[in-house]
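Protein chains get the first letters and strands the later ones, always in sequence-line order, with residue 1 at the start of each.
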Amino acid sequence: MSESYEQSYLYRLRHSAAHLMAQAVTELYPGAKLAIGPPIENGFYYDIDFPEPLKEEDLPKIEAKMKELSKLDQRIERTEVSRVEAKALILDDSIPSMGGAVAEYKLQLLDAIPAGETISFYNQQRTDREGKLHRFLDLCRGPHVDTTKEIKNYKLMSLAGAYWRGDVKNKQLTRIYGTAFETPEELEAHLHMLEEAAKRDHRKLGKELGLFMFSARVGTGLPLWLPKGATLRMVMTDFLQKEQVKRGYEPVVTPQIASIRLYEKSGHIITFKDKLFPFMEDEEKETYILKPMNCPFHIEIYQSQMRSYRELPVRYAEFGTVHRYEQSGEVTGILRARGFTQDDAHLFVRPDQLLEEFIGVVELTKVVLQKLGLTDFKVRVGTKDPNSDKYVGHDDNWALATKAIEDACKQMGMEYFISPGDAAFYGPKLDLIIKDALGRDWQMGTVQVDYNLPERFELEYTGEDSKPHRPIMIHRAPFGSLERMIGLLTEQYAGAFPFWLSPVQISVLAIADRHNDAAMALADKLRDVIYDTRNLRVTVDDRRETLGKKIREAQLQKTPYMLILGDRGLEEGTIGVRSREDGDLGEMTVEEFLDSLGA
RNA sequence: GCCGGCGUAGCUCAGUGGUAGAGCGGCUGUUUUGUAAACAGCGGGUCGCGGGUUCGAGUCCUGUCGCCGGCUCCA
């Protein structure tokens with residue numbers, strides 16, 4: 001969230017809307033324990049521990065209560081207190097939102113406030129018809145709007161479970177999400193935007209455009225790629241393959257399963273064990289696992305012979321399909337599948353080559369993003385969380401690797417942010433983060449520096465001094481995975497892929513039966529044309545349908561060009577060209593059309 | 001995995017305890033068509049699956065599977 005947002009009226013308004021909701025909840029559900037309720041990017045939430053589980057059908061009731069409370073024009077007042085006074089207020093049984101019975105989370109929050117920091121409460125109160133005073137008091141840093149009357153344009157969106165302080169070991173609270181705006185028009189526009197975003201959802205478009213499918217009989221998170229989706233994958237892998245060849249990468253191919261011993265050696269078995277599909281055992285009691293990562297295989301290849309300092313860097317690339325047993329609730333179409341293909345490569349480099357190679361990889365990643373038309377991304381440097389024990393390797397290597405990443409970013413003038421705890425278990429990494437249609441962040445491309453696997457596998461090369469030295473590994477995947485990248489591109493382009501990526505680039509529409517042969521011949525001619533590494537991808541619509549219908553369906557399939565062939569064209573040697581974006585472009589010869597493509 | 005929601009025809013959806021529906025798609029026939037849906041007819045369903053309540057369940061209860069939103073986790 002931007003600093004300007006955090007200082008905006010809207011931010012305060014949403015924060016106050018969260019309080020208003022909490023006030024409504026404490027009045028409707030005595031015994032509900034308030035935890036935490038901040039504004040967020042598109043609204044606000046409040047985490048509450050309810051005595052009885054809350055249902056979605058309860059939300060309108062809470063909304064109605066909020067409306068009633070909002071109208072009362074309650075002043076929202078700040079008071080600053082000492083820690084002792086704060087504790088007394090939190091435990092004050094005379095205030096409905098406070099008191100010993102519901103103080104559990106607020107007391108913990110109070111304890112978490114560092115000594116010396118101001119402790120403040122916000123109060124809003126009303127007097128009912130019988131003259132009874134109802135207070136709503138909340139421990140809160142603020143700031144807030146002046147009166148509840150300002151909170152008019154809001155909507156409660158959804159319910160979710162959320163662990164107290166984000167830790168699975170803690171109790172799961174009920175989170176109510178809502179949104180609020182300054183004007184009814186803005187609220188309406190936001191809701192409309194959400195509807196529009198849903199139309200771009202890759203799962204919806206993937207089905208409509210025939211890219212991929214899922215089957216309950218195949219299993220959760222295991223996509224089946226349909227011809228058009230499979231074509232899209234090939235176009236993308238061709239493109240990257242070509243870029244990699246230019247940069248000295250060599251292809252390798254490795255199996256889908258491996259003995260568990262390989263992963264014991266790599267350390268994956270410990271850090272990755274709950275992500276693995278169930279093990280397989282053969283008659284000799286050898287245990288195999290379905291591979292969750294490609295790196296150990298590439299390491300085996302590196303290690304299969306003596307390496308000289310002269311041949312480094314070695315760069316092994318593979319579109320490697322891996323399987324990870326993601327928790328059922330985490331699977332999201334092809335953005336988060338259980339089987340997916342990484343555009344993986346591992347670089348084995350000398351220490352003196354690390355920075356240059358790292359920069360080379362980041363540059364390749366930038367080339368890839370540019371070609372794909374992805375301009376809106378964040379660069380995250382994931383570092384070790386000092387409080388976690390999930391990492392392997394020595395601290396000084398971690399420090400070296402982290403420094404290499406930051407140096408590379410600085411040298412390239414790339415803006416980045418540090419995110420402690422987002423490192424791989426074997427080393428720090430640089431990730432590209434892109435938002436999907438629904439505004440969720442996804443990690444796409446990744447570049448990781450690794451001193452640890454070379455250590456574990458005792459990788460070596462012979463140096464100029466004839467002595468053994470240890471290489472450093474760079475793990476990298478510019479797309480991240482084909483699945484996630486295609487899912488994201490589908491949403492970015494709302495299914496209307498740029499010409500070079502479109503699974504079907506041109507559809508030849510025959511006007512009547514008598515034009516079918518000529519349409520086929522035209523398609524064959526176009527298929528001979530090489531465009532951007534591959535032959536043009538052309539289909540023919542020779543069904544007995546009206547032209548209007550054929551055009552409509554080609555438009556809905558987001559086909560970049562429709563070529564219309566009828567009597568006129570046969571007589572004059574031209575075709576009617578229609579583009580997905582600009583409609584009818586008029587008659588032209590095939591050559592003129594190809595020229596316009598730059599083919 | 002956890003909290004909440006949703007599963008009706010290939011697709012999108014209607015059906016609020018009393019005989020399972022529409023549009024699109026499919027098939028058949030007619031139409032031979034010039035820039036976003038020709039016309040007619042015909043098929044098509046154990047209402048995700050199992051158990052229960054009821055004279056009677058797509059509808060209520062329960063279990064289970066799948067999907068969706070979120071949390072946690074991740075390419």
message: So A/Leu438, base contact, sugar-phosphate only, or nothing? Heavy-atom distance under 4.0 Å.
response: sugar-phosphate
Polar side-chain contact A/Gln172-B/rC2 base: donor and acceptor under 3.5 Å: yes
message: Please classify the nucleic acid contact of A/Gly166 as base, sugar-phosphate, or nothing, using heavy-atom distances under 4.0 Å.
response: sugar-phosphate
- line: With the side chain defined as heavy atoms from C-beta on, A/Arg203 is closest, among B/rC73, B/rC71, B/rC68, to B/rC68
- request: Select base, sugar-phosphate, or nothing to describe what A/Ala554 touches, counting heavy atoms under 4.0 Å on all strands.
  value: nothing
task: When you get a sec, tell me which of B/rA38, B/rU35, B/rU12 is the closest nucleotide to the side chain of A/Lys207?
output: B/rU12
- prompt: Which of these passes side chain to side chain contact (heavy atoms under 4.5 Å, CB included) with A/Thr559: A/Thr539, A/Val504, A/Asp541, A/Val538?
  reply: A/Val504
Of A/Glu483 and A/Ile575, the one whose closest RNA chain B nucleotide lies more 5': A/Ile575
query: Below 3.5 Å, does any donor atom in the side chain of A/Glu545 face an acceptor in the base of B/rU33, or the other way round?
result: no
message: Without decimals, in angstroms, what is the distance between A/Ile486 CD1 and B/rA75 C1'?
response: 13 Å
- prompt: So which nucleotide does B/rC39 pair with, by the Watson-Crick or G-U wobble rule with both distances under 3.5 Å?
  reply: B/rG29
query: What is the distance from CG of A/Leu54 to C1' of B/rG70, rounded to the nearest Å?
result: 14 Å
Closest nucleotide among B/rG4, B/rG34, B/rC71 to the A/Tyr163 side chain: B/rC71
query: Without hydrogens or angle criteria, can the side chains of A/Gln244 and A/Arg315 be said to hold a donor-acceptor pair below 3.5 Å?
result: no
task: Would you classify A/Arg578 as touching base, sugar-phosphate or nothing, given that sugar-phosphate means primed atoms plus P, OP1 and OP2, and contacts are heavy atoms under 4.0 Å?
output: base
- prompt: From B/rU33, B/rC73, B/rA38, pick the nucleotide closest to the side chain of A/Lys549?
  reply: B/rA38
task: Hunt down the Watson-Crick or G-U wobble partner of B/rA22, both distances under 3.5 Å, from any strand shown, or write none.
output: B/rU12
message: Could you identify the nucleotide paired to B/rU59, looking across every strand shown and requiring Watson-Crick or G-U wobble geometry with both distances under 3.5 Å?
response: none
- prompt: So, does the side chain of A/Arg165 form a donor-acceptor pair with the base of B/rC71 at under 3.5 Å?
  reply: no
query: What is the distance from CE of A/Met562 to C1' of B/rG34, rounded to the nearest Å?
result: 14 Å
message: So, under a plain 3.5 Å distance rule, would you say the side chain of A/Arg217 forms a donor-acceptor pair with the base of B/rC65?
response: no
- request: For the pair A/Glu208 and A/Lys204, find out whether any cationic side-chain nitrogen is under 4.0 Å from an anionic carboxylate oxygen.
  value: yes
field: Heavy-atom donor-acceptor pair, A/Glu553 side-chain to B/rG25 base, under 3.5 Å
entry: no
- request: Nearest whole angstrom, please: distance from the P of B/rU33 to the CG of A/Leu509.
  value: 16 Å
message: Determine whether the aromatic ring of A/Phe340 stacks with the base of B/rA75, defined as ring centroids separated by less than 5.5 Å and ring planes inclined by less than 30°.
response: yes
query: Relative to each other, are the rings of A/Phe212 and A/His202 parallel, tilted or perpendicular (30° and 60° limits)?
result: tilted
message: Checking side-chain polar atoms at under 3.5 Å, does A/Asp567 have a donor or acceptor matched by the opposite partner on A/His515?
response: yes
